[in-house]
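In what follows, a single structure is set out as structure tokens and then discussed.
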Amino acid sequence: MLLRESGETKKVDYNLKAIVDLELDSGVENGDALLAFVDAINGTDQNELERARAVVEERMGGNAVVEAAVVTANFSMLDRVANAVGIPLEDFVVNKTQDFWEELGLDNYPSASYTPEGGFKYM
Amino acid sequence: MTVYSDSHYSVRDKIDQTHKKELSLLSGPGTWWTGAQRAAMVAEARKARCEAGLQESIAEDEVLIDANLPDAARTLARKVALMEGVDRAFFDSMAPSELSEEEYVEAVGVVSRSTNLDIFAKAIGVPSRKLNRISDGEPTRKRPVSLANDGFFVPTIPTTKAGGGEDSKKLYGGASVYNILRGLSLVPSEASPVMGLVMSQYVIPPQFYNYDFTFDPSITRAQVELVASRVSALNDCFY
């Protein structure tokens with residue numbers, strides 16, 4: 001949701017499908033390098049991680065390596081919490097995202113069942 | 001001495017400060033587990049990730065693994081660390097038959113928070129950080145009063161507007177919060193550090209919908225959201 005909205009404010013239409021299909025161009029600057037870095041962090045190939053990290057550093061600088069790393073770590077933590085305690089999606093988020101669940105295959109995730117029809121009533 | 005002084009990269013002060021605090025909290029007594037048990041859960045999680053080739057071992061693991069920890073907590077630590085079959089069926093197999101809901105929530109928090117530290121260390125090319133020396137002391141075993149069964153697997157503290165009372169004011173500061181920050185609120189001592197980490201690693205609440213905001217100009221908000229989205233896709237996380 002926030003990736004799409006961040007694009008809308010800049011009048012850029014990002015390709016959300018690139019999140020699940022790395023062959024596609026997300027439209028986000030240096031998106032290919034960042035996605036490769038995330039995958040390498042989550043992988044088991046140390047050489048691949050070093051390569052992917054070096055590409056991010058070369059194109060975006062050392063601070064970007066730290067920022068991409070810390071966001072990856074942050075969502076690795078939150079995803080574990082969300083899946084383990086069954087966090088339902090809020091109603092307003094459902095309204096803003098439902099149109100792309102099927103295309104991205106999000107509604108096939110087991111954790112999709114944690115969200116009731118129409119979403120959790122947010123207060 | 002900063003936590004990441006051995007890194008080739010310069011790590012922001014706020015990250016350094018919150019991670020330093022984590023290294024102490026994770027090996028200290030919680031609300032339902034002792035410091036030794038919490039440190040053992042971290043060690044068990046690290047061991048699982050090392051065996052899976054996801055990170056390299058550090059010397060403390062073998063020492064901490066011997067603590068008095070129920071088998072169910074060890075299983076939980078390994079599965080949550082690897083994100084392996086962590087779903088409703090897993091929860092049902094754990095609580096309340098093997099672990100109380102409170103013990104389950106605290107264990108999820110401990111493992112998720114330590115995995116956060118380990119993934120960051122790996123990503124910037126340094127070894128996992130050693131936890132501080134285990135602190136003695138008994139768990140407080142204090143359960144919040146204002147809990148609701150709102151569709152999460154476990155009871156949570158609602159927002160103040162939804163009847164969360166004093167517990168809500170204390171934990172959320174009276175504000176409305178997203179469900180992700182409510183998730184661990186059955187054990188406020190776990191929910192609170194998660195909020196602190198999010199606010200040092202991702203975004204601070206007043207800037208949530210400011211798409212020009214990032215903690216460092218080297219990365220844009222769109223790039224941050226792209227990274228976040230890919231991580232969640234890899235973890236099959238619908239939320």
Side-chain angles (χ1 to χ4, degrees), chain A residues 2-3 5-7 9-10 12 14 16 19-20 26 28-31 34-35 38-39 41-42 44 49-50 53 60-90 106 109-116 120 122-123, chain B residues 9-12 15 53-54 80 83 86-88 91 105 108-109 111-113 115-116 119-120 122-125 151-154 159 161-162 176 178-180 183-184 194 197-198 201-202 211 214-216 218-219 221-239:
Chain A
L2 295 173
L3 175 60
E5 288 193 359
S6 69
T9 61
K10 306 285 179 195
V12 184
Y14 295 130
L16 302 184
I19 294 161
V20 291
S26 65
V28 176
E29 191 179 2
N30 290 315
L34 290 166
L35 292 174
V38 171
D39 280 27
I41 293 167
N42 280 279
T44 58
L49 174 57
E50 284 170 18
R53 187 193 296 130
M60 301 172 65
N63 284 359
V65 170
V66 172
E67 296 305 319
V70 88
V71 172
T72 300
N74 184 74
F75 280 85
S76 300
M77 169 181 70
L78 295 181
D79 293 346
R80 280 166 171 75
V81 171
N83 281 7
V85 302
I87 298 181
L89 207 55
E90 297 84 354
L106 306 184
Y109 295 166
S111 56
S113 66
Y114 305 167
T115 297
F120 172 91
Y122 178 73
M123 289 205 285
Chain B
Y9 302 102
S10 173
V11 174
R12 277 191 278 119
I15 297 172
L54 290 165
V80 172
M83 277 296 258
V86 180
D87 55 17
R88 179 78 214 198
F91 170 76
V105 167
V108 167
V111 175
S112 301
R113 287 161 54 206
T115 304
N116 169 59
I119 287 178
F120 178 65
K122 177 186 179 185
I124 62 167
F152 299 64
F153 297 166
V154 292
T159 59
K161 208 168 146 186
S176 287
Y178 292 115
N179 286 348
I180 188 65
L184 300 178
V194 166
L197 288 164
V198 170
Q201 295 186 198
Y202 171 51
Y211 295 111
T214 57
F215 281 111
D216 189 274
S218 63
I219 196 163
R221 185 65 184 275
Q223 290 169 327
V224 164
E225 296 304 333
L226 182 71
V227 167
S229 301
R230 179 62 183 164
V231 174
S232 295
L234 290 172
N235 287 324
D236 281 1
C237 184
F238 182 74
Y239 186 85

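It should be emphasised that the depicted structure is a prediction, and the values quoted were computed from it without experimental measurement.
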- Message: The test is side chain to side chain contact (heavy atoms under 4.5 Å, CB included); show your working for A/Glu67 and B/Gln223 and say whether it passes.
- Response: CA-CA 10 Å; A/Glu67 296 305 319; B/Gln223 290 169 327; over 6 Å; no

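Taking CZ from B/Phe153 and CG from A/Asn83, the interatomic distance works out to 8.0 Å, rounded to the nearest 0.5 Å. For the atom pair OH of B/Tyr202 and CE of A/Met77, the computed distance is 12.0 Å after rounding to the nearest 0.5 Å. The structure places CG of A/Asp79 at 11.5 Å from OG1 of B/Thr115, a figure rounded to the nearest 0.5 Å. A/Ile19 contributes atom CD1, which lies 4.0 Å from atom OG of B/Ser229 (distance to the nearest 0.5 angstrom). Between the CD atom of B/Glu225 and the CZ atom of A/Phe75 there is a distance of 6.0 Å, given to the nearest 0.5 Å.
Taking the side chain as every heavy atom from C-beta outward, B/Asp87 and A/Tyr114 approach each other to under 4.5 Å. At least one side-chain heavy atom of A/Leu78 sits less than 4.5 Å from a side-chain heavy atom of B/Val194. Using a 4.5 Å cut-off on side-chain heavy atoms (C-beta onward), B/Tyr211 and A/Leu2 make contact. B/Arg221 has its side chain out of reach of A/Thr9: every pair of non-hydrogen atoms, C-beta onward, lies at least 4.5 Å apart. For the pair B/Val108/A/Arg80, no side-chain contact is recorded, criterion being any heavy-atom separation below 4.5 Å from C-beta on. In this structure, B/Arg230 and A/Asp39 have side chains that are in contact, with non-hydrogen atoms separated by less than 4.5 Å. Considering only heavy atoms from C-beta on, B/Ile15 comes within 4.5 Å of A/Val66 through its side chain.
Contact between B/Ser218 and A/Ala64 at its shortest, heavy atoms only, is OG-N, 3.2 Å.
For B/Ser232, the parts lying near chain A are the backbone and the side chain together; criterion is any non-hydrogen pair under 4.5 Å. Using a 4.5 Å cut-off between heavy atoms, A/Thr115 contacts chain B through its side chain alone, with no backbone atom that close. For a residue to count as touching a neighbouring chain, one of its non-hydrogen atoms must lie under 4.5 Å from one of that chain's; by this rule A/Val28 touches chain B with the side chain only. When heavy atoms are compared at a cutoff of 4.5 Å, B/Leu234 approaches chain A solely by way of its side chain, counted from C-beta outward. Using a 4.5 Å cut-off between heavy atoms, A/Glu5 contacts chain B through both its backbone and its side chain.
Distance alone, capped at 3.5 Å, places no donor-acceptor pair between the B/Ser10 side chain and the A/Asn63 backbone. B/Arg88 places no side-chain N or O within 3.5 Å of a backbone atom of A/Gly86 that could act as its donor or acceptor partner.
Under 3.5 Å, the side chains of A/Glu90 and B/Tyr178 contain no donor-acceptor pair of N or O atoms.
Ranked by heavy-atom pairs under 4.5 Å with chain B, the list A/Thr44, A/Val12, A/Asn74, A/Leu34 is led by A/Asn74. When each of B/Asn179, B/Thr214, B/Val231 is checked for heavy-atom pairs under 4.5 Å with chain A, B/Asn179 comes out on top. Contact tally against chain B (heavy-atom pairs below 4.5 Å) for A/Val20, A/Val71, A/Leu49: the top residue is A/Val71. Among the candidates A/Ile41, A/Val65, A/Leu16, A/Ile87, the residue making the largest number of heavy-atom pairs closer than 4.5 Å to chain B is A/Ile87. Chosen from B/Val154, B/Val105, B/Leu197, the residue pairing most often with chain A at heavy-atom distances under 4.5 Å is B/Leu197. Ranked by heavy-atom pairs under 4.5 Å with chain B, the list A/Ala112, A/Ser76, A/Gly62, A/Ala82 is led by A/Ala112.
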